[in-house]
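Below is one structure; the comments refer to it alone.
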Number of protein chains: 2
Amino acid sequence: MSRLCHIYPILMVRIDESWIFIMMPVKILMVEDEAAIREMVCFTITQAGYQVFEAGCVADARIAIADSVPDLILLDWMLPDVSGIEYARTLKKEEMTRHIPIIMLTARGDELDKIRGLDMGADDYITKPFSVKELQARIKAVLRRTSPLLTEDVIDIDGLRLDISSHRVTANDTSLEMGPTEFRLLHFFMTHAERVFSRGQLLDRVWGGNVYIDERTVDVHIRRLRKALESEHYDRYVQTVRGSGYRFSTKV
Amino acid sequence: MSRLCHIYPILMVRIDESWIFIMMPVKILMVEDEAAIREMVCFTITQAGYQVFEAGCVADARIAIADSVPDLILLDWMLPDVSGIEYARTLKKEEMTRHIPIIMLTARGDELDKIRGLDMGADDYITKPFSVKELQARIKAVLRRTSPLLTEDVIDIDGLRLDISSHRVTANDTSLEMGPTEFRLLHFFMTHAERVFSRGQLLDRVWGGNVYIDERTVDVHIRRLRKALESEHYDRYVQTVRGSGYRFSTKV
DNA sequence: GTTTGATGTCACGACTTTGTCACATCTATC
DNA sequence: GATAGATGTGACAAAGTCGTGACATCAAAC
């Protein structure tokens, strides 16, 4: 049990006396300088079953994202170094981060219209102070709108079907055999299709982070995944992006 | 009585002067903050032969579900922390819980349409106050509709037949001998086919939970079950999913 | 009291998975 | 086309996972 937690991306949430385990958790990055709000938000979204990591300023956020791409960013608009608005624009322009949904946190309601007017590409806005319920609701709504596959039990992309509850991968009704790591890797790819991930980011999201593994190991597992998919010619979906990493894509 | 209830998922129900034993009871989680209603519903559905566990709020419900996945959830729509509607939506999106049928409890009839309009994925609705018989009927109906095998007395999957009342397993009219634990294990598998269960989950559902047993014991009983099934070549339905657990499946 | 059958634990061996490495192949650039 | 850097590929040892038979214990039945 403890071993699993180290090796696999399982989130353990302690609530009172018992532990909850979450497979392949959704990662949320919170960028906020006020420690009090950070703590409150952190608690809230951990309770809701997400994995959170925090940054107090844009510089820290950049470092955090380089290590691990989040599935959603909560971004305060007043930050010590760069304004949240500017940073959101930057994120939406860069290839690596443009797909990540952003929820902006604003201090007062009357700023909301001003910020909205600036249109820096955020997917939703929430004004402080907000209730726990409101935040959870907005996170869920944004994730459902922008990344519907994240919470699906059966993911079917162009005939390649991954079923989590029966732990099976089928291609045009042919069952495909693969190891646990390849299964997790494919799951991550299918829930994050059309996006490029570096080896380090894949190690973080598929292997669970905090693991010191040679990045070239990812290459080998990519190879094994391709081998598992090649009998039904789905290996062409696992694409190499030279100099950057890998991508799962149905195009080309 | 107390020992039986702890070690095995056997429910003892007293009717008049005699005890009735129910194998592998259906687990129902009730989420409701009013203690009076909770008590009444608890009594009602225990009488009907189900096993109930209660939660006063959504936070408690989460803990309860993490320990043991129920077969049905009775969900009040007004709860202290998160509204029942929101929680129902959450449950229906997460892979672990999406297949669990939900019956919503509403305080007054005139709210019913409003709630129904929100369509949070509940399988049925019932308005307070309700009669004992009505609740029992709806539970039965929902279970029959969503998990037909759970309420069956005889389950037949591809020639493998399990008869609960006569406590017998036959394969193509050949009687198969197995121990009580293997029988319960097979029953659980056949009512939850095509899904992978970890050793911990099997211990919880087949052994009755709250028991500190070495997880490897599950392996041994899987072995005994396979041995019992192998004469008629049904052992191939009991499949190992490396790194995850076991699955009962007619495929491959 | 003895027998019988069921059950949980253990030890051993077979098998699978996994990270690393060495070498082959490819690609961009000069 | 020569070069350097990046990626693909097969092999391997170590670690992990699972199957299997044996055994001690316990409770019920005789």
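The shown structure was predicted, so the numbers you read here are calculated from the model rather than taken from an experiment. Chain naming here is simple, since letters A, B, ... match the order of the sequence lines and numbering starts at 1 in each.
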Fill in the blank from the handout: In whole angstroms, the gap separating C1' of dC10(C) from CD1 of I213(B) amounts to 15 Å
Practice task
Please confirm whether any donor atom in the side chain of R224(A) sits under 3.5 Å from an acceptor in the base of dG8(D), or the reverse.
Solution key: no
Practice task
From the options dT18(C), dG19(C), dC18(D), select the nucleotide whose nearest atom is closest to the side chain of D219(B).
Solution key: dC18(D)
Exercise for the section: May I ask you to evaluate whether T240(B) reaches the phosphate of dG19(D), defined as a side-chain N or O under 4.0 Å from OP1 or OP2? Expected result: yes
Handout entry: H221(B) NE2 - dG19(D) P separation (whole Å)
Key = 14 Å
Problem - Polar contact flag, side-chain donor to acceptor under 3.5 angstrom, D219(A)-T217(A) - result: no
Problem - Phosphate contact (dT18(C) OP1 or OP2) by W207(A) side-chain N/O below 4.0 Å - result: no
Problem - Separation of atom CZ in R242(B) from atom P in dA14(C), rounded to whole Å - result: 15 Å
Practice task
For the pair K27(A) and D204(A), find out whether any cationic side-chain nitrogen is under 4.0 Å from an anionic carboxylate oxygen.
Solution key: yes
Problem - Distance in angstrom units between H167(B) NE2 and dG5(C) P, rounded - result: 17 Å
Practice task
Verify whether one side chain among Q239(B) and R168(A) offers a donor that lies under 3.5 Å from an acceptor in the other.
Solution key: yes
Problem - Gap between atoms OH and P, on Y212(B) and dT9(C) respectively (whole Å) - result: 14 Å
Handout entry: Proximal nucleotide (of dC10(C), dT7(C), dC18(D)) relative to the R199(B) side chain
Key = dC18(D)
Practice task
With DNA chain C as reference, determine whether M178(A) or R216(A) sits nearer its 5' end, using the nearest nucleotide of each.
Solution key: M178(A)
Exercise for the section: Would you mind classifying the nucleic acid contact of T217(B) as base, sugar-phosphate or nothing, using non-hydrogen atoms under 4.0 angstrom? Expected result: base
Handout entry: E215(B) CD to dG8(C) C1', straight-line distance once rounded to whole Å
Key = 14 Å
Problem - Side-chain donor-acceptor contact under 3.5 Å, Y237(A) with D158(A) - result: yes
Handout entry: Value in whole Å for how far the C1' atom of dT17(D) lies from CD of Q239(B)
Key = 17 Å
Practice task
Whole angstrom is fine here: how far is it from NZ in K227(A) over to P in dT18(C)?
Solution key: 15 Å
Practice task
Would you mind classifying the nucleic acid contact of E182(B) as base, sugar-phosphate or nothing, using non-hydrogen atoms under 4.0 angstrom?
Solution key: sugar-phosphate
Practice task
Go through the side-chain N and O atoms of R226(A) and T240(A) and say whether any donor and acceptor fall under 3.5 Å apart.
Solution key: yes
Completion exercise
Heavy-atom nearest nucleotide on DNA chain D taken for Y246(B) and for Y246(A); more 5' hit belongs to Y246(A)
